[in-house]
Protein chains: 2
Amino acid sequence: MQIPFATIERLAIYVRCLRHLKEQGIKKISSFEMAQHTRTTPEQVRKDLSYFGKFGKTGEGYDVENLLKKLEKILRTKRKWNVAIIGAGSLGTALSKYRGFKEVGYDVKAMFDIDPEKINKKINGIPVYHIEKFSEITEKEDIEIAIVAVPVEAVSDVEEVIVKSKIKGILNFVPVTLNLKTRRRIVVLDVDLTQKLYIISYLIKNKWEE
Amino acid sequence: MQIPFATIERLAIYVRCLRHLKEQGIKKISSFEMAQHTRTTPEQVRKDLSYFGKFGKTGEGYDVENLLKKLEKILRTKRKWNVAIIGAGSLGTALSKYRGFKEVGYDVKAMFDIDPEKINKKINGIPVYHIEKFSEITEKEDIEIAIVAVPVEAVSDVEEVIVKSKIKGILNFVPVTLNLKTRRRIVVLDVDLTQKLYIISYLIKNKWEE
DNA sequence: GAATTTTTGTGAAAAGATTATAAAATTGAG
DNA sequence: CTCAATTTTATAATCTTTTCACAAAAATTC
C-alpha cells in the first residue's frame with residue numbers, strides 16, 4: 001500500500017517531538033498529547049502510525065524511546081548523511097551554522113561558490129571549494145544531499161553541475177523550479193520563503209475556518 | 001465554496017512564475033507551459049484558476065500581466081506588508097538580507113534580540129531592538145507579520161511576547177510547535193529545515209513513484 | 001475481582017484533491 | 001466563409017486523505 005505523503009511529512013514532526021520528549025526524560029505519551037505537540041489530531045497520529053505497525057499499548061500510550069527508534073528506522077534517519085551547501089552567501093553561511101542539522105545526523109562536509117575571496121577558506125570550519133570541483137569533492141566525501149542557496153542568476157550553472165554529479169537529493173532555497181535534465185531520479189524539495197509569506201497574507205485576510 | 005489549501009499554495013508559485021515571465025517580456029502563456037514551470041499539470045493549473053474566475057482565452061492561453069494582477073489581488077499581495085524578525089543571529093541576519101522579500105512587497109522594518117551587543121545597532125540598515133519593546137515597535141511601525149528565528153531555548157519567551165502583541169501572522173523557523181495561548185487568531189506557518197532533510201532521506205531510499 | 005476508565009487500532013464514511021472528458025470558443029489556413 | 005486545429009472551461013469520475021465511530025485491550029479504581 002502507498003503511504004500518504006502527508007503521513008511522511010508528519011512522521012518527521014513526530015520524530016522531532018519524540019526527541020524532545022526523550023531529552024526531557026518523558027517515558028510514555030498518548031496519541032492525544034502527541035497531537036497537541038504537533039498541531040494535529042489524536043486520530044491522525046494513530047492512523048499515521050498504523051501504516052507501519054502497532055506501536056502503542058492500549059490504555060497506556062506509546063513508549064517514547066521505542067517509538068522514536070521505530071520511526072527513525074522508517075525515515076532512514078538513524079544513519080548519517082553527508083551534505084553539501086552550494087552558495088556561500090549569507091543564507092548558505094547561516095545554514096552552515098545551523099545546529100539542528102548535525103544534531104539529527106546531517107553533516108555539512110563542503111560548501112561551494114565561485115567567489116575567489118571565499119574559495120579555499122573555511123566557513124564555520126567547513127571548507128569552501130570552487131563549484132567546478134563539485135563532482136570530485138562530493139564523490140570523494142560521499143555526499144548525497146545538496147542544499148542550494150545561490151542567487152537566481154546562478155541557478156542554471158548549478159543545475160548543470162548537479163546533473164553531472166551523483167547527488168541524490170536537493171533542498172532548494174532558490175525561488176525557481178529547478179530544471180534537472182537527467183534520466184536518474186533526483187529528489188528535490190523546495191523551501192520558498194516568499195511563497196510562505198504570500199500564504200500567510202492570504203490566511204490573515206481570509207479567516208480560514210479551522 | 002472553500003478553496004483547497006493546496007490550491008492556495010500553488011497560486012503562490014504561479015505568481016512567482018508569472019513575475020519571472022513578465023520580467024522576460026513574455027506576454028502570453030498556456031496552462032501547459034505554466035505547468036512545466038511549476039512542477040504540476042495543465043489540468044491542475046486550469047482547475048486552480050477556475051476557482052476564482054475565467055482568466056484565459058480559448059485557443060490562446062493566459063495574458064501574463066493580467067493573470068498576475070488577478071492572482072496578486074487574490075493573495076492580497078499587491079499591498080505592502082511590514083515584517084519583524086525576532087532573533088538577530090545568523091539565520092535572522094541572513095533573512096534580513098534576503099532580497100526576495102522586499103521585491104515582492106514584504107518590508108523588514110525591525111529586528112529583535114536580547115543580546116546587548118546587537119541592540120540599538122543596525123543590521124543591513126534594519127534597527128535592532130530589545131525584545132521587550134516588541135509590542136511598542138510593532139504597533140508603531142504597523143507590523144503584522146513576524147519571522148521567528150531564535151534558538152529553541154528562547155521560544156517560550158518569544159511566545160509570551162507575541163501573544164501580548166497584535167501580530168497576525170508568523171513564519172516560524174524554530175523546530176518546535178509554537179504554543180500561543182490566545183483567543184485571537186494568529187496564523188502560524190512552520191519552516192522546519194530538519195524535517196525537509198528527513199523527507200529527502202526517506203524519498204531517496206523509497207523510490208517514490210511519480 | 002468486577003466495574004470503570006483510558007487508549008489503541010481500524011473499518012467505514014466523508015471530505016478533499018486530482019485527473020479525465022466533453023463542450024465551447026478562438027484562430028488561422030485554404 | 002468554412003473547417004480543422006488549438007486550447008480553455010465546466011463537469012464528471014476517480015483517487016487520496018482525513019475524520020468518525022466503535023470494538024478490543026490494558027490499566028486502574030472501588
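Below, read A as the first sequence line, B as the second, and so on, with proteins coming before strands; counting in each chain starts at 1. Both backbone and side-chain heavy atoms feed into the values below; hydrogens, waters and symmetry mates do not. These figures come from a predicted structure and were not determined experimentally.
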For Lys28(A), the option from Glu60(A), Glu33(A), Glu65(A) that meets salt bridge (Lys or Arg N to Asp or Glu O under 4.0 Å)
Glu60(A)
Footprint string (nucleotides 22-30 of chain D, 5' to 3'): B base within contact, S backbone only, - free, heavy atoms under 4.0 Å
--BBSS---
Say whether Asn82(B) and Lys80(B), considering side chains only, have a donor N or O and an acceptor N or O under 3.5 Å apart.
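No, no side-chain donor-acceptor contact under 3.5 Å.
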Any donor-acceptor pair under 3.5 Å linking the side-chain atoms of Ser201(A) with those of Tyr106(B)?
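There is such a pair between these side chains.
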Show the atom names and distances, to 0.1 Å, of all donor-acceptor pairs under 3.5 Å that link a side chain in residues 139-149 of chain A to residues at least two apart or in another chain.
from, atom 1, to, atom 2, distance (Å)
Glu139(A), OE1, Lys166(A), NZ, 3.2
Glu144(A), OE1, Arg79(A), NH2, 2.7
Glu144(A), OE2, Lys168(A), NZ, 2.9

Phe134(A) backbone acceptor or donor facing Thr138(A) side chain under 3.5 Å:
yes
Heavy atoms only, 4.0 Å cut-off, all strands: where does Phe32(B) land among base, sugar-phosphate and nothing?
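No contact.
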By the 4.0 Å heavy-atom rule, please label Ser30(A) as base, sugar-phosphate, or nothing.
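Ser30(A): backbone/sugar contact only, no base atoms under 4.0 Å.
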Please tabulate, one pair per line, each protein N/O and nucleotide N/O from nucleotides 16-19 of chain D that are separated by under 3.5 Å, including the distance.
from, atom 1, to, atom 2, distance (Å)
dT18(D), OP1, Arg10(A), NH1, 2.9
dT18(D), OP2, Arg10(A), NH2, 2.8
dT19(D), OP2, Gln44(A), OE1, 3.3

Please list all pairs passing the side chain to side chain donor-acceptor pair (under 3.5 Å) test where one or both residues lie in residues 10-20 of chain B, with sequence neighbours left out.
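For residues 10-20 of chain B, and leaving out neighbouring residues, the side chain to side chain donor-acceptor pair (under 3.5 Å) pairs sorted by first residue read Thr177(A)-Arg16(B), Asp192(A)-Arg16(B), Tyr198(A)-Arg19(B), Arg10(B)-Asp48(B), Tyr14(B)-Asp48(B), Arg19(B)-Glu72(B).
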Straight-line distance of Ile86(B) CD1 to Leu171(B) CG, nearest 0.5 Å
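If I round to the nearest 0.5 Å, the distance is 11.0 Å.
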Its 5'-most and 3'-most nucleotides having an atom under 4.0 Å from a non-hydrogen atom of chain A, DNA chain C is contacted over dT6(C) to dA12(C)
Side-chain heavy atoms of Leu18(B) within contact of Leu67(B), under 4.5 Å:
yes
Rounded to the nearest Å, what distance is computed from the OH atom of residue Tyr62(B) to the C1' atom of nucleotide dT7(D)?
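To the nearest whole Å, that distance equals 9 Å.
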State whether Lys47(B) and Glu43(B) are salt-bridged, where the test is any N-O pair (Lys NZ or Arg NE/NH1/NH2 against Asp/Glu carboxylate O) under 4.0 Å.
no
For Phe101(B), which residues count as a ring-ring contact (aromatic ring centres under 6.0 Å, His included) partner, sequence neighbours excluded?
Tyr98(B)
